[in-house]
Participant: 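Starting off with a structure, shown below.
Here is how names work: the chains are called A, B, and so on, in the same order as the sequence lines, proteins then strands, and each is numbered from 1.
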4 protein chains.
Amino acid sequence: MFIQLDLQSKEPLYEQLKNQIVEGIARGRLKPGDRLPAVRTLAEDLGINLHTVRKAFQELQQENFLLIHRQKGVVINPEGIPEADAAYMEILKENLRPFVAHSLCRGVDMNDFLNMTKQLFAEYTQKEGEN
Amino acid sequence: MFIQLDLQSKEPLYEQLKNQIVEGIARGRLKPGDRLPAVRTLAEDLGINLHTVRKAFQELQQENFLLIHRQKGVVINPEGIPEADAAYMEILKENLRPFVAHSLCRGVDMNDFLNMTKQLFAEYTQKEGEN
Amino acid sequence: MFIQLDLQSKEPLYEQLKNQIVEGIARGRLKPGDRLPAVRTLAEDLGINLHTVRKAFQELQQENFLLIHRQKGVVINPEGIPEADAAYMEILKENLRPFVAHSLCRGVDMNDFLNMTKQLFAEYTQKEGEN
Amino acid sequence: MFIQLDLQSKEPLYEQLKNQIVEGIARGRLKPGDRLPAVRTLAEDLGINLHTVRKAFQELQQENFLLIHRQKGVVINPEGIPEADAAYMEILKENLRPFVAHSLCRGVDMNDFLNMTKQLFAEYTQKEGEN
DNA sequence: GTGGTCTAGACCACC
DNA sequence: GTGGTCTAGACCACG
């Protein structure tokens with residue numbers, strides 16, 4: 001797998017893992033229906049605790065990113081990821097808020113902020129080969 | 001003061017407080033040189049512990065948003081907030097990354113994302129009366 | 001541990017603790033990657049409060065002397081301590097200034113002052129066994 | 001007077017005042033027998049509290065740097081500042097210790113440290129005109 | 001009256 | 001078992 005965790009980070013491991021999987025989907029490396037490694041395997045590969053992987057998977061299942069079959073294992077939701085709704089957009093806005101406020105205080109131009117965002121979008125939507 | 005904390009939130013109280021102060025500065029409600037309430041006063045007003053307020057203040061001082069005088073109390077950095085540097089922009093980008101990835105997965109259009117950001121900028125830069 | 005605090009001293013306990021750890025590193029008793037006792041353990045050993053230890057650790061982390069892992073505990077920065085920069089040297093000079101001035105007033109010869117400094121350097125750089 | 005206080009500093013005002021006077025003596029701007037401004041005058045000039053000036057003077061008197069006559073006012077000890085004794089040297093050493101340890105950790109060369117010290121000595125012992 | 005230090009003790013998240 | 005957060009309450013230095 002392409003997943004890389006930072007054991008030094010302040011961010012919890014299961015959060016990092018969730019983010020990496022989500023980024024994998026955003027990049028198109030993981031597509032609906034794709035199987036993920038078994039919990040046990042992934043934990044071993046990453047050198048982390050079983051519980052940590054399980055927690056990440058469970059939360060992603062709850063957000064409908066993953067489906068966990070007792071037998072078939074873990075797959076990216078074959079029906080695709082649920083579209084963003086108003087509730088999601090509201091939460092997203094509140095999450096972005098402190099970054100905007102902080103940036104404003106430190107004199108970041110709105111266009112610089114927007115360009116950075118565009119850059120991130122570009123990073124995820126470009127074809128893999130162009131990486 | 002205009003500060004409102006959510007005691008139920010998973011976000012630590014001192015983080016919420018920090019954010020609210022930063023947002024107050026971004027909005028122009030707090031200007032360089034302005035005094036903040038005394039630690040004990042603010043703690044009582046907000047119904048939280050003095051040490052929680054202290055932690056928020058101290059971290060903001062370390063980020064050069066505030067100055068803390070042993071006797072005179074706490075003021076918004078009279079020299080203004082230090083301009084963003086490359087290091088800040090890099091951290092900002094990494095912080096934004098998961099939101100972009102997550103949004104992409106859920107089919108948020110880049111322009112919707114950008115518009116939401118613009119909206120936040122507008123919210124902070126408009127005159128108070130227009131609120 | 002080799003740490004000894006003076007409960008009577010005017011110097012704050014957490015400052016004493018910080019200094020003792022830094023001296024431990026300077027002496028080579030603590031090396032990059034070494035683990036320090038858990039916060040609670042050390043607090044109990046020293047007969048002081050857990051929060052006092054935490055404050056010392058956290059400030060040393062901020063100065064890049066320590067790394068604090070939520071689970072693994074506290075270790076001396078495995079990458080080593082960051083080299084002194086111009087800013088540090090400037091602060092150091094201003095901190096030394098009053099001692100030089102005071103010593104001059106009391107007729108301390110510059111060479112005596114320098115020799116005392118050399119002696120301190122020697123004290124920290126000699127092999128442990130020679131103590 | 002040549003005294004300049006930093007109201008923003010973490011260092012207590014009375015400490016700053018003490019240091020500035022000591023530095024004045026070290027520089028030779030203040031000589032044994034010289035009169036200092038009255039407490040009231042100095043406090044007014046510096047824009048600080050009477051108590052603050054009084055505390056600085058009292059502590060300097062206790063260290064035999066000053067004599068305070070009820071009538072004649074405050075003068076630099078006419079018999080000169082008492083020579084450093086072994087006790088002073090011991091205290092000095094313990095005060096210098098953390099700076100040496102900290103510098104060692106951050107890779108400061110002993111000679112750089114010594115040169116900085118020499119520079120400070122030079123700064124105080126050079127003739128005023130050469131400033 | 002201001003912030004700074006310290007204590008005692010609780011509950012939580014993470015692994 | 002680890003550190004992180006929060007509370008309640010004490011005493012001190014400074015001005």
Participant: Give the nucleotide from the list F:dT7, F:dG3, F:dC14 with an atom nearest to the side chain of C:Arg54.
Facilitator: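 The listed nucleotide nearest to C:Arg54's side chain is F:dG3.
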Participant: Both B:Leu13 and C:Val74 contact DNA chain F. Taking the nearest nucleotide for each, which residue is further toward the 5' end?
Facilitator: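 Residue closer to the 5' terminus by nearest nucleotide: C:Val74.
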Participant: Ignoring hydrogens and geometry, is there a side-chain-to-backbone donor-acceptor pair from A:Arg97 to B:Glu23 under 3.5 Å?
Facilitator: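 It does not hold such a pair.
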Participant: For B:Leu50 and C:His69, take the nucleotide of DNA chain F holding the closest heavy atom to each; which residue's nucleotide lies nearer the 5' end?
Facilitator: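 Going by which nucleotide is closer to the 5' end, it is C:His69.
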Participant: How would you label the contact of B:Ile48 with the nucleic acid (heavy atoms, under 4.0 Å): base, sugar-phosphate, or nothing?
Facilitator: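 Sugar-phosphate: the residue B:Ile48, judged by heavy atoms under 4.0 Å, touches backbone atoms but no base.
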Participant: What is the distance from CD of B:Gln58 to P of F:dC6, rounded to the nearest Å?
Facilitator: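 Spelled out: CD on B:Gln58 to P on F:dC6 is 15 Å.
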Participant: Describe the nucleic acid contact of C:Lys55 in one word from base, sugar-phosphate, nothing, applying a heavy-atom distance below 4.0 Å.
Facilitator: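 Sugar-phosphate: the residue C:Lys55, judged by heavy atoms under 4.0 Å, touches backbone atoms but no base.
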Participant: Exactly one of D:Ile68, D:Leu67, D:Leu66 should register a side-chain contact (heavy atoms from CB on, under 4.5 Å) with D:Val75. Which one does?
Facilitator: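 Testing each of D:Ile68, D:Leu67, D:Leu66 against D:Val75, the sole residue satisfying side-chain contact (heavy atoms from CB on, under 4.5 Å) is D:Leu67.
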Participant: If you draw a 6.0 Å radius around CD in C:Glu94, do more than 12 non-hydrogen atoms from other residues or ligands fall strictly inside?
Facilitator: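 Yes, enclosed.
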Participant: Find the partner of E:dC14: check Watson-Crick (N1-N3 plus N6-O4 or O6-N4) and G-U wobble (N1-O2, O6-N3) distances, both under 3.5 Å, and reply none if neither fits.
Facilitator: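 In the structure as shown, E:dC14 has F:dG1 as its Watson-Crick or wobble partner.
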Participant: Check every atom of F:dC14, F:dG9, F:dG3 against the side chain of B:His51 and return the nucleotide holding the closest atom.
Facilitator: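 That would be F:dG9.
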Participant: Within the structure, does a side-chain N or O atom of C:Thr52 lie under 4.0 Å from either OP1 or OP2 of E:dT7?
Facilitator: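 C:Thr52 to E:dT7 OP1/OP2: side-chain N or O found under 4.0 Å.
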Participant: With respect to the side chain of C:Asn49, which nucleotide from E:dA8, F:dT2, F:dT7 is positioned closest?
Facilitator: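 Within the option list, the nearest is E:dA8.
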Participant: Taking atom C1' of E:dC14 as reference, at what distance in whole Å does atom NZ of C:Lys72 sit?
Facilitator: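 The distance from NZ of C:Lys72 to C1' of E:dC14 comes to 13 Å, rounded to the nearest Å.
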Participant: Distance check, rounded to the nearest 0.5 Å: D:Glu59 atom CD versus D:Gln62 atom CD?
Facilitator: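 Output value for this atom pair is 7.0 Å.
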Participant: Does B:Arg40 contact E:dG1 through a side-chain donor or acceptor facing the base, at a distance under 3.5 Å?
Facilitator: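 No such pair is found, so the answer is no.
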Participant: Base, sugar-phosphate or nothing for B:Tyr14? Non-hydrogen atoms, less than 4.0 Å.
Facilitator: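 Here B:Tyr14 touches the backbone only, sparing every base.
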Participant: For B:Gln71 and F:dC12, give me the distance from atom CD to atom P, rounded to whole Å.
Facilitator: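 About 17 Å, once rounded to whole Å.
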Participant: Please compare B:Val39 and C:Gly47 by the position of their nearest nucleotide in DNA chain E and report the one closer to 5'.
Facilitator: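 Closest to the 5' end, via its nearest nucleotide, is B:Val39.
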Participant: Ignoring the backbone of A:Pro12, work out which of F:dG15, E:dC15, E:dA8 is nearest its side chain.
Facilitator: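 Per side-chain heavy atoms of A:Pro12, the pick is E:dC15.
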Participant: Rounding to a whole Å, what distance do you find between B:Leu5:CG and F:dT5:P?
Facilitator: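 Going from B:Leu5 (CG) to F:dT5 (P), I get 15 Å.
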Participant: Whole angstroms only, please: what is the CD1-C1' distance between B:Ile68 and E:dG4?
Facilitator: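 In whole Å, E:dG4 C1' and B:Ile68 CD1 are 10 Å from each other.
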Participant: Between F:dG3 atom C1' and C:Leu60 atom CG, what is the distance in whole Å?
Facilitator: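 C:Leu60 atom CG is separated from F:dG3 atom C1' by 16 Å.
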Participant: Taking atom C1' of E:dG3 as reference, at what distance in whole Å does atom CD of B:Gln62 sit?
Facilitator: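 Taking CD of B:Gln62 and C1' of E:dG3, I get 17 Å after rounding.
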Participant: Using modelled atom types only, decide if a donor and an acceptor are shared between the side chain of A:Gln16 and the backbone of A:Asp6 within a distance under 3.5 Å.
Facilitator: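 Yes, because the side chain of A:Gln16 sits within donor-acceptor range (under 3.5 Å) of the backbone of A:Asp6.
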Participant: Looking only at non-hydrogen atoms, find the nearest pair between B:His102 and A:Tyr88 and report the distance.
Facilitator: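 For B:His102 versus A:Tyr88, the nearest heavy atoms are ND1-OH, 3.3 Å.
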Participant: Whole angstrom is fine here: how far is it from CG in B:Leu42 over to P in F:dC6?
Facilitator: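 Rounded to the whole Å, the gap is 14 Å.
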